[in-house]
K.L.:
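One structure, as structure tokens, below. Some questions next.
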Amino acid sequence: MIAKRLRFETRHATEFVDITDRLRDEVRRAGMRIGRIHLQSLHTTLGLAVNENEPLLLRDFKSLLERLAPANAGYEHDDFARRFDIALDEPVNGHAHCRQLLLTGFATLLVEEGELVLGQWQSVFAVELDGPRHRQLAIQLDGDFVDEAPQRRSDGSESLIELELARQLLVDPEPVAKPMRRLVEAGGKRMRPKLLLLTAGIGPRSEPVRAAALAAAVELLHNATLIHDDYVDESTHRRGRPTVAAAEGPERAVAVGDYYFAKATRLIAEIGHGGVTSTIAEALEAICAAQIDDVALRGAFPGDHDSYLRVVRGKTAALFAAACASGALLSEASPEIVEALRRYGELVGVAFQMADDMVDFSPSSGKPVGLDIRQRVLSLPLIYAAEDRIVGPEVRRLLAGSLGDAEVGRVAELVTSSDALNRVRVEAQALVDAAVHELEKVELDGLRPTLIGLAHSAVDRLS
Amino acid sequence: MSVQVVGRDLERLEGLWEGGLSDAYSSYLEAVAGFEPAAQPRLALAAALVEVGIRLQGLGGRAAAPPTLLVGDLCLARSARLLADAAPRAVQVAFARAVEEMASAAASGRSAPNIRELLMGAFEAR
């Protein structure tokens, strides 16, 4: 099952947006052989329809909707004096809601032999009834995909990672192992090792145990950098547990980070693949350099888009890219595949960081809202909010001063009320699409659907 | 010759050269004499960066302020990259073990071994 969002912009008040080709693309990219694609409008003034895409007929449909539910027909919904809690920009759109009632908000289409099952004249439309707006449809692809074996293989290998991590932590001295165990056992998405394991199954030489050892080393390396980051950012908690610096002091944090930095580089060297060792070493250098830039940029908080991308490419995306390339290198995949996966990893890594930035503004994330603001951490929603014509001046003024609870709360409110989060969402989704496009350039031995799924999961938190 | 190669590998860390990195580098040149001539400066620099890096971080002592810690991290990362490019696998492993030993001692509150001796010994692992 693959779940995602289809996003688009509408340009007119009433508009029939033909989404057939986009749905065909989704089916093809996912490698679906047979099954169903479910669509659901996420709006009360956006309908769905399956009909013929003939311009005059579309004008007929539009006229029909206007006759059945004319605008300005005195809808009670538009009598704002009788309604409570209405937004300042609440539109007069009773007619649009009524028109949506005449359509449908959901649809299921069949897929056979890798193609949408549609009659000769059938097209699928998202019907805008109150545009122009940003719109999104939830879609789920449910069925048999070209090759699900890699997914099953990866499920088994993921257990191997956990076993390998546990084994490595078992042999380490307690003063360093205990804090690292606390961090590792607290969870984490394991995106980097998952990507590494998957890509290690692409080339002709597949060695799951060796790949799991490398994946565990990369996860340890990532956690080592987090331990130092938490000290630098003065974070008290990570993954719901106290950070090493907060619980055991900065001296222990420095030592534990250094120990696992060294241990991970040793485990990687012991794998004995020069290309892999160099790839990960370069990523590590990029992470450290970007971390220095990140801290330096806090003087010019919230920074700009270019600086943000430069830092994120080093701080987050470098290890994603290295994990993807390393897995492929280990499996002796061709240079074209290694490079395509490296680019895929970098794009997914940047999108992942953008999604992570957005979590800071989500009350349902389980993390305290506004932590990035408080810590003056580089964050794309903040950059966009600071650029915003309406809320920008106030955001910049607040960020220039000291940030107490009231100021942090107000900045979070301004970010949420602006278009900043939507801009980040659209940008992250575009990066995921570009990452998926990279996968289409090379033959991936049936791994494409799983890698597509992982790319989407990197930004799942956006919805 | 050596300083030319080192200059390229010192990007963003140039300021450390006069602050002790140069002296540390010189101390390792003799220990790397048995390696390929082209690799020698990079190996000596890798060792010097570990020595200076952990000193900057305050490993085994009082933790450095965050910006200094990050420079120390970059020293260790640069060293790892130099080793990946220029050192035999056994030397890479021995270097990592040396840092593990230092970090483990620091975390346990034990007195730390002498890093220079550990790294000199690491070069003999090839």
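Please read all numbers here as calculations on a predicted model, not as lab measurements. Throughout, a chain's letter reflects where its sequence line sits, starting with A, and its residues are numbered from 1.
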K.L.:
What's the shortest heavy-atom distance between A/Glu270 and B/Arg89, and which atoms?
P.N.:
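Scanning both residues completely, I find the closest heavy atoms to be O-NH1, 3.0 Å.
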K.L.:
More than 12 foreign heavy atoms under 6.0 Å from CD of A/Glu174: is that the case here?
P.N.:
yes
K.L.:
Working to the nearest 0.5 Å, report the span between CG of B/Leu74 and CD1 of A/Ile287.
P.N.:
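Answer for the CG-CD1 pair, B/Leu74 versus A/Ile287, is 11.5 Å.
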K.L.:
Between B/Ala65 and chain A, with a heavy-atom cut-off of 4.5 Å, which part of the residue counts as in contact: side chain, backbone, both or neither?
P.N.:
backbone
K.L.:
Among B/Val50, B/Leu76, B/Val99, single out the residue with the greatest number of heavy-atom pairs under 4.5 Å to chain A.
P.N.:
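Looking at each of B/Val50, B/Leu76, B/Val99 in turn, B/Leu76 comes out on top.
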K.L.:
Which distance, rounded to the nearest 0.5 Å, do you find between the CE of B/Met102 and the CG of A/Asp258?
P.N.:
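CG of A/Asp258 is found 9.5 Å from CE of B/Met102.
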K.L.:
Can you say whether A/Leu221 sits under 4.5 Å from chain B via the side chain, the backbone, both, or neither, judging by heavy atoms?
P.N.:
neither
K.L.:
Please classify the contact of A/Pro250 with chain B as side chain, backbone, both or neither, using a heavy-atom distance under 4.5 Å.
P.N.:
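Both parts, heavy atoms under 4.5 Å.
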K.L.:
Where does B/Ala64 contact chain A at under 4.5 Å (heavy atoms): side chain, backbone, both or neither?
P.N.:
backbone
K.L.:
With only heavy atoms counted, which part of B/Leu69 is less than 4.5 Å from chain A, the side chain, the backbone, both or neither?
P.N.:
side chain
K.L.:
Identify which of B/Ala96, B/Ala105, B/Ala80 forms the greatest number of heavy-atom pairs closer than 4.5 Å to chain A.
P.N.:
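The candidate making the most pairs under 4.5 Å is B/Ala96.
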K.L.:
Given a strict heavy-atom distance threshold of 4.5 Å, which part of A/Phe261 is in contact with chain B: side chain, backbone, both, or neither?
P.N.:
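When you check distances to chain B, only side chain atoms of A/Phe261 fall under 4.5 Å.
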K.L.:
Verify whether one side chain among B/Asp73 and A/Gln291 offers a donor that lies under 3.5 Å from an acceptor in the other.
P.N.:
no
K.L.:
In sequence, state the C-alpha distance, the side-chain angles, and the governing distance for B/Gln92 and A/Thr265, and then conclude on side-chain contact (heavy atoms from CB on, under 4.5 Å).
P.N.:
CA-CA 8 Å; B/Gln92 294 173 32; A/Thr265 57; over 6 Å; no
K.L.:
Rounded to the nearest 0.5 Å, what's the gap from CG on B/Leu59 to OH on A/Tyr259? Could you check?
P.N.:
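One gets 13.0 Å once the value is rounded to the nearest 0.5 Å.
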K.L.:
Which residue out of A/Pro175, A/Gly257, A/Ser278, A/Gly272 racks up the most heavy-atom pairs below 4.5 Å with chain B?
P.N.:
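Winner by heavy-atom pair count: A/Pro175.
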K.L.:
Check this for me, if you would: do A/Arg266 and B/Glu101 make a salt bridge, where the nitrogen-to-carboxylate-oxygen distance has to be below 4.0 angstrom?
P.N.:
no
K.L.:
Pick whichever of B/Gly60, B/Ala103, B/Gly61, B/Ala90 has the most heavy-atom pairs under 4.5 Å with chain A.
P.N.:
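Looking at each of B/Gly60, B/Ala103, B/Gly61, B/Ala90 in turn, B/Ala103 comes out on top.
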K.L.:
Please say whether more than 12 non-hydrogen atoms of neighbouring residues, nucleotides or ligands are located less than 6.0 Å from CD in B/Glu36.
P.N.:
no
K.L.:
Taking side chain as C-beta onward, heavy atoms only, is A/Leu284 less than 4.5 Å from B/Arg81?
P.N.:
no
K.L.:
Which bit of A/Asp293 comes within less than 4.5 Å of chain B, counting heavy atoms only: side chain, backbone, both or neither?
P.N.:
both
K.L.:
Using a cut-off of under 4.5 Å for heavy-atom pairs, which of B/Gly72, B/Ala63, B/Ala94, B/Ala84 has the most such pairs with chain A?
P.N.:
B/Ala63
K.L.:
Report which part of B/Arg12 has an atom under 4.5 Å of a heavy atom belonging to chain A: side chain, backbone, both, or neither.
P.N.:
side chain
K.L.:
For chain A, find which of B/Pro66, B/Gly58, B/Gly53 contributes the most heavy-atom pairs closer than 4.5 angstrom.
P.N.:
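Option with the greatest count: B/Pro66.
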